[in-house]
A.B. asks: 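After the structure tokens below, expect a handful of questions from me.
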Number of protein chains: 2
Amino acid sequence: MSKQELVVLGQDESGCCPTLLTAPLDQEQAVELAKMFKALGDPVRLRLLSMIASREGGEICVCDLTPAFDLSQPTISHHLKLLRQAGLIDCERRGTWVYYWLLPGTIDKLAGVLTRSGRPATSEASA
Amino acid sequence: MSKQELVVLGQDESGCCPTLLTAPLDQEQAVELAKMFKALGDPVRLRLLSMIASREGGEICVCDLTPAFDLSQPTISHHLKLLRQAGLIDCERRGTWVYYWLLPGTIDKLAGVLTRSGRPATSEASA
DNA sequence: AGGCTGTTTTGATGTTTCTCTATGCAAGCT
DNA sequence: AGCTTGCATAGAGAAACATCAAAACAGCCT
């Protein structure tokens, strides 16, 4: 059930600072990262990810996700699949139900790639 | 020239922890964030952003961006427009040339939204 | 076995996105 | 003024995406 993830970009060879803001990305890295950001580029998937990530206990049943949206159940399933293919979440069937949880490594990678060095990286972004 | 930016999501009312990973996103926030992530969901735009952000001096001329790609000049211009509409960059014409620079606030916001609390948020994501 | 519930897959359809060529506009130069 | 260069916009075609209904699949429970 947890096949088709994404090979996660071999960063950090240089010792520090995952790049994007510090050095030009090469084509291959850009393609890799774009897949993950694209997965975040949809309101439904963002909300799904948010619901999964913020769930106490770390995992959530599909049956708890679906009713939160005005979308058909197959559509939700499709979005979950895309998040999974992006390496952001994983799932497991337990009896009748399927449970999803966050894969923190991928999120951390994306956060790191967007983080300018020497910042607390939480709030203070008042734009 | 710097019209049509994006109103940046009024986060952080609660004092800390910009959400996404800590509490379910509501529809409006998700739509807002998705626009920005969608802008990052393309390899060309990621590379453009990376070239702009990492440029010493903080800004770069379009004439230095275009030749780095196997794409037509209007296509690059189009991607730059999308990045600008997402509030990630801004630009100004100076004489013959147009210069682009990063808007750090938006990047910081996205990084913050993806950052799990209590993490250095740079490397260590070896997935 | 047969039926029921929860989830994924398939196939179809309308919309969005990426890319190009052609055109337009702005600024400098002769 | 007219030409040239740098960049943006307009319009069009192909590919990718979001969504749904229908069908398939996986575990229960009689």
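Here is how names work: the chains are called A, B, and so on, in the same order as the sequence lines, proteins then strands, and each is numbered from 1.
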A.B. asks: In this structure, how many angstroms lie between the P atom of D/dC20 and the CZ atom of A/Phe69, rounded?
C.D. replies: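 Computing the A/Phe69:CZ to D/dC20:P distance gives 12 Å.
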A.B. asks: Let me confirm one number: the CD1-CD distance from A/Ile52 to A/Glu59, rounded to the nearest 0.5 Å.
C.D. replies: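 Rounded to the nearest 0.5 Å, the CD1-CD separation comes out at 11.0 Å.
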A.B. asks: Go through the structure and list residues passing side-chain contact (heavy atoms from CB on, under 4.5 Å) with A/Ser77, not counting sequence neighbours.
C.D. replies: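 If we apply the side-chain contact (heavy atoms from CB on, under 4.5 Å) test to A/Ser77, skipping adjacent residues, the hits are A/Gln73.
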A.B. asks: Could you see if A/Phe69 belongs to whatever hydrophobic cluster contains A/Ile89? Use Ile, Leu, Val, Met, Phe, Trp, Tyr and a side-chain cutoff under 4.5 Å.
C.D. replies: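 Yes, it is one cluster - the side chains of A/Phe69 and A/Ile89 are joined through contacts under 4.5 Å.
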A.B. asks: Measure the distance from CG on B/Asp64 to P on D/dC7 and round it to the nearest whole Å.
C.D. replies: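 To the nearest whole Å, that distance equals 9 Å.
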A.B. asks: Using a heavy-atom cut-off of under 4.0 Å over every strand shown, decide if B/Leu82 touches base, sugar-phosphate, or nothing.
C.D. replies: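 If one applies the 4.0 Å heavy-atom cut-off, B/Leu82 turns out to touch the sugar-phosphate alone, with no base involved.
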A.B. asks: Is there a path of hydrophobic side-chain contacts, each under 4.5 Å between heavy atoms of I, L, V, M, F, W or Y residues, that connects B/Met51 with A/Leu33?
C.D. replies: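 Linked, B/Met51 and A/Leu33 end up in one cluster.
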A.B. asks: Working to the nearest 0.5 Å, report the span between OG1 of B/Thr75 and CG of B/Asp70.
C.D. replies: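 Result: 11.5 Å between the selected atoms.
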A.B. asks: To the nearest Å, how far apart are A/Ile76 CD1 and D/dC20 C1'?
C.D. replies: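 The distance from CD1 of A/Ile76 to C1' of D/dC20 comes to 12 Å, rounded to the nearest Å.
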A.B. asks: Between C/dT8 and A/Tyr100, is there an OP1 or OP2 to side-chain N/O distance shorter than 4.0 Å?
C.D. replies: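 Result: yes.
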A.B. asks: Going 5' to 3' along nucleotides 19-30 of chain C, which nucleotides have protein heavy atoms under 4.0 Å from the base (write B), which only from the sugar-phosphate (write S), and which from neither (write -)?
C.D. replies: BBBB----SS--
A.B. asks: Whole angstroms only, please: what is the CG-P distance between A/Leu46 and D/dA18?
C.D. replies: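 Taking CG of A/Leu46 and P of D/dA18, I get 12 Å after rounding.
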A.B. asks: To the nearest angstrom, how far is A/Trp97 atom CH2 from C/dT8 atom C1'?
C.D. replies: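 After rounding, the gap between these two atoms is 17 Å.
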A.B. asks: Send over the distance from B/Arg84 CZ to D/dA8 C1', rounded to a whole Å.
C.D. replies: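 Nearest whole value for this atom pair: 9 Å.
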A.B. asks: Taking side-chain hydrogen bond (donor to acceptor under 3.5 Å, both in side chains) as the test, write out the residues that go with A/His79, two or more places apart.
C.D. replies: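 Scan of A/His79 (side-chain hydrogen bond (donor to acceptor under 3.5 Å, both in side chains), adjacent residues dropped) gives A/Arg45.
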A.B. asks: For the pair made of CD1 in A/Ile89 and P in C/dT7, what is the distance, rounded to whole Å?
C.D. replies: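 After rounding, the reported distance stands at 14 Å.
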A.B. asks: Mind calculating the distance between NZ (A/Lys38) and P (D/dA15) to the nearest angstrom?
C.D. replies: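 Between P of D/dA15 and NZ of A/Lys38: 15 Å.
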